[in-house]
Protein chains: 4
Amino acid sequence: MAETRRRDKAATRAALLEAARRRFAEHGYDGTGVRDIAADAGVDATLIFRYFGSKRELFAEAVHIEIPQGLGRDPRRGLASLTDELLGRVVFTDHGGPESEHPLLVMLRSTGRPEVRSRLRDQLCADYLADFSERFGADDARLRSELVGALLVGIGLMRSVVGSPALSEASFDQTRGLVAAMVTALQDDAPGERGAPPGRADGGPAPG
Amino acid sequence: MAETRRRDKAATRAALLEAARRRFAEHGYDGTGVRDIAADAGVDATLIFRYFGSKRELFAEAVHIEIPQGLGRDPRRGLASLTDELLGRVVFTDHGGPESEHPLLVMLRSTGRPEVRSRLRDQLCADYLADFSERFGADDARLRSELVGALLVGIGLMRSVVGSPALSEASFDQTRGLVAAMVTALQDDAPGERGAPPGRADGGPAPG
Amino acid sequence: MAETRRRDKAATRAALLEAARRRFAEHGYDGTGVRDIAADAGVDATLIFRYFGSKRELFAEAVHIEIPQGLGRDPRRGLASLTDELLGRVVFTDHGGPESEHPLLVMLRSTGRPEVRSRLRDQLCADYLADFSERFGADDARLRSELVGALLVGIGLMRSVVGSPALSEASFDQTRGLVAAMVTALQDDAPGERGAPPGRADGGPAPG
Amino acid sequence: MAETRRRDKAATRAALLEAARRRFAEHGYDGTGVRDIAADAGVDATLIFRYFGSKRELFAEAVHIEIPQGLGRDPRRGLASLTDELLGRVVFTDHGGPESEHPLLVMLRSTGRPEVRSRLRDQLCADYLADFSERFGADDARLRSELVGALLVGIGLMRSVVGSPALSEASFDQTRGLVAAMVTALQDDAPGERGAPPGRADGGPAPG
DNA sequence: TATGAATGAGAGTTCATTCAT
DNA sequence: CATGAATGAACTCTCATTCAT
């Protein structure tokens, strides 16, 4: 692989980007050195600066997301359908290569960086969850949509970062139904029930 | 305060631990220097090595969790009650001081480190989720319990790392009802429904 | 020497400063590496940053001049006397150590840096030549004073940078009389003679 | 201009040389990159190595001086005339283009390089000052000739490197008369006066 | 011939950590 | 026991230079 790519600018750039995504996903921003990435790509580390300017810009490009336009534009699509698609697209899928992970999950390993956190917030809340918010009628629609986001991000985290056994092994089809049930419950739950924690209902103690 | 701590080994150790927890929680492992921690604690940086051996060991001790024994030992406590308690204890509460965050959330900002990931897995799945698993009757009990874990971890992440607006502002009482609804749905959902994604039911396309 | 200086902050700082002055004087700013300086001083290169912050600041401190107050304050002192003192102080002398050169001459080796050039200009023209300017009555007093400066700087350059044989070998006493003659001529020369180049007087061709 | 130079090897070489002279004069050897020079010349940086072999050799060629034969060959020309010509030729004039500076002044900004210093010494003392030396009868003729050199080099330095205000603004005609007076004084000054510093004569203290 | 992708050495700087005092 | 001076390894990034096309 390293042999056939010599003197091919586009291929070298792509190889660096892919190696960066893998390294950043695995070890986070600070745990990854430019020499590691270059070695993985089979080229000299200098090319990172030639092609991307700096490690920061390489990271930014590596986790750049092309937001799929019109994800939830069709108003007839329901909440569960939307969730299902997002679950498949972000958490369970291959993106830009057979082994890459979704940029959102890559960023999750580098949340020590303030810039990464703000990008995460922007892309997650503004880009992805906006469509969900519209589908909740309650006045706490944003909160409910962010709970959906929390569930999806949590699943991704459990699978890729934490490596929890069951979720990591589970297939998409095994998971989608359960997730749909949880999200649907969020839609059906009447706002009035808020403040009446069911914890008490079955005899448990209040948290403290 | 700096005066009363002088020559008090235990107090210095505690101050270092608290400072470390705060710094690690805010900036992650790599974003935190031993000199920062020592400066916050008002002592010399060398004491970190004297008391803890290394930065790594300080981190390990800082995120050490004393698992509350018998959390779910009472078999009469239901799933929702258990979730409610965990949500309050881990995500919404103060631990070990007015400003500290729960060790699990601290670790979430340093997930680039392999050792952090394995500790996260162990503590989360083995210690916290075991009790949940028992309360699901289905054969995919572990998967369901990890979905609860994913939801809780996701909420914590959205609040403290991502800083999503609604969840960050929401009070415990505003959140607990919605979370309970989601978890209860997970309990009620029949296993047979798996594999029949409701995404199709409302006209949406299949993911892919 | 390197053995007896261990664990002595002030001595280490001084050794670094002296080594820096020598290296900068010999090879200029860009030709000198922090590791070279540290090796000369017999300490680790990191201490440069510990004590001076950066290579730039080390350089600045290395070429810092304590302008001797009241150099030409005594109005009875004549031009030649002033020149004589400056010649002895800047060009022919040891400053801050047996082998150091005057900061002005050190800077002359690093004139590629814009900051160095402006510092040179400020210190030379404002600090050193101001007193000379007052002693010329003509309306081109500044020009004449800068010619004195040019002569002195040129001598220093010939001796330390160019290494011209005669000037480098000459003693202070051998040089001072000749310099005095040149400066005195500058004082006696009537302004009216300007524009009448003496080159023509002895039959030489006009330049061009 | 960029169009007419295409495929013209000689013109490209000349353009590189001119750009190099300007860059080296302005920023010194270390402050100038081969890419800067090539960009100024409008060609690829590789051509520098093709045409000149290395950056060092390009610099050497850029500051190469074609010594005008027989500068002082006419024994009837006096000292002042010679000085006047040199002042006009080296310091006050354009050489090899409207904006270039004399190679001697270019070198003055790169005096950190050892090769530059030896070239400066050779060209200055051997080529330029030899004729001056012959015109001083005293046994310290070389010393006196080097003082002339020091004055001229100092003037060049003050104008182009230091940027001292008066000398930089002064015209050739304003300067030549004063310089002539200084040089003539050097000729008239009897050798016996050496060692009797006039500093004492007007009441100033001896240096030390 | 001329282009530009690729290279390796070295720059300044920061870091956790150790060792005298 | 505690302080802080000292250390060495690693980092990102720039540079002149070479090689393939």
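In what follows, every chain begins at residue 1, and chains take the letters A, B, ... in the order their sequences are listed.
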Take Asp36(A) and Leu47(C), find for each the nucleotide of DNA chain F with the closest heavy atom, and name the residue whose nucleotide sits nearer the 5' end. Leu47(C)
Partner nucleotide, any strand, of dA20(F) [Watson-Crick/G-U, under 3.5 Å]: dT3(E)
In whole angstrom, what separates Phe59(A)'s CZ from dT12(F)'s P? 13 Å
Could you check whether the rings of Phe59(A) and Phe24(A) sit parallel, tilted or perpendicular, using 30° and 60° as the cut-offs? perpendicular
Interatomic distance where CD1 belongs to Ile37(A) and P belongs to dA10(F) [whole Å]: 17 Å
Whole angstrom value for the distance that separates P of dC15(F) from NE2 of His27(D): 13 Å
Tell me yes or no: between the side chains of Ser110(C) and Arg117(C), is some donor less than 3.5 Å from an acceptor? no
Have a look at Phe52(A) and say if it touches a base, only the backbone sugar-phosphate, or nothing, with a 4.0 Å heavy-atom cut-off. nothing
Report yes if at least one side-chain N or O of Thr12(A) is closer than 4.0 Å to OP1 or OP2 of dA5(E); otherwise report no. no
Do Leu157(B) and Leu108(A) have side chains that approach each other closer than 4.5 Å (heavy atoms only, starting at C-beta)? yes
Both distances below 3.5 Å, Watson-Crick or wobble geometry, any strand: find the nucleotide opposite dG12(E). dC11(F)
Rounded off to whole Å, could you give me the CZ-to-C1' distance for the Phe24(A) and dT12(F) pair? 12 Å
Tell me: CG of Asp8(A) to P of dG4(E), nearest whole Å? 15 Å
Taking atom C1' of dC13(F) as reference, at what distance in whole Å does atom CG of Asp44(A) sit? 12 Å
Spacing of Leu16(A) atom CG relative to dA5(E) atom C1', expressed in whole Å: 12 Å
Can you name the atoms? Protein N/O to nucleotides 17-19 of chain F N/O, anything below 3.5 Å, with the distance.
{"unit_1": "dT17(F)", "atom_1": "OP2", "unit_2": "Lys55(D)", "atom_2": "N", "d": "2.8"}
{"unit_1": "dT17(F)", "atom_1": "O4", "unit_2": "Arg35(D)", "atom_2": "NH2", "d": "3.3"}
{"unit_1": "dC19(F)", "atom_1": "O2", "unit_2": "Arg7(A)", "atom_2": "NH1", "d": "3.2"}

Looking only at side-chain N and O atoms, does Arg50(A) come under 4.0 Å of OP1 or OP2 in dA6(E)? no
Measuring to OP1 and OP2 of dC1(F), would you say a side-chain N or O of Tyr51(B) lies under 4.0 angstrom away? no
Residue pair Met107(A), Arg119(A): steps toward the side chain to side chain contact (heavy atoms under 4.5 Å, CB included) verdict: CA-CA 9 Å; Met107(A) 287 193 235; Arg119(A) 282 201 52 184; 4.2 Å; yes
Least distance between heavy atoms, Ile65(C) atom then Pro103(C) atom: CG1-CB, 3.6 Å
From NZ of Lys9(C) over to C1' of dT7(F), roughly how many Å is that when rounded to an integer? 17 Å
Please check this pair: side chain of Lys55(D) against backbone of Ile48(D), looking for a donor-acceptor N/O pair closer than 3.5 Å. no
Dump the intermediate steps for salt bridge (charged side-chain N to carboxylate O under 4.0 Å, His left out) on Asp40(D) and Arg22(D), then the final yes or no. CA-CA 9 Å; Asp40(D) 283 2; Arg22(D) 270 206 283 266; 5.9 Å; no
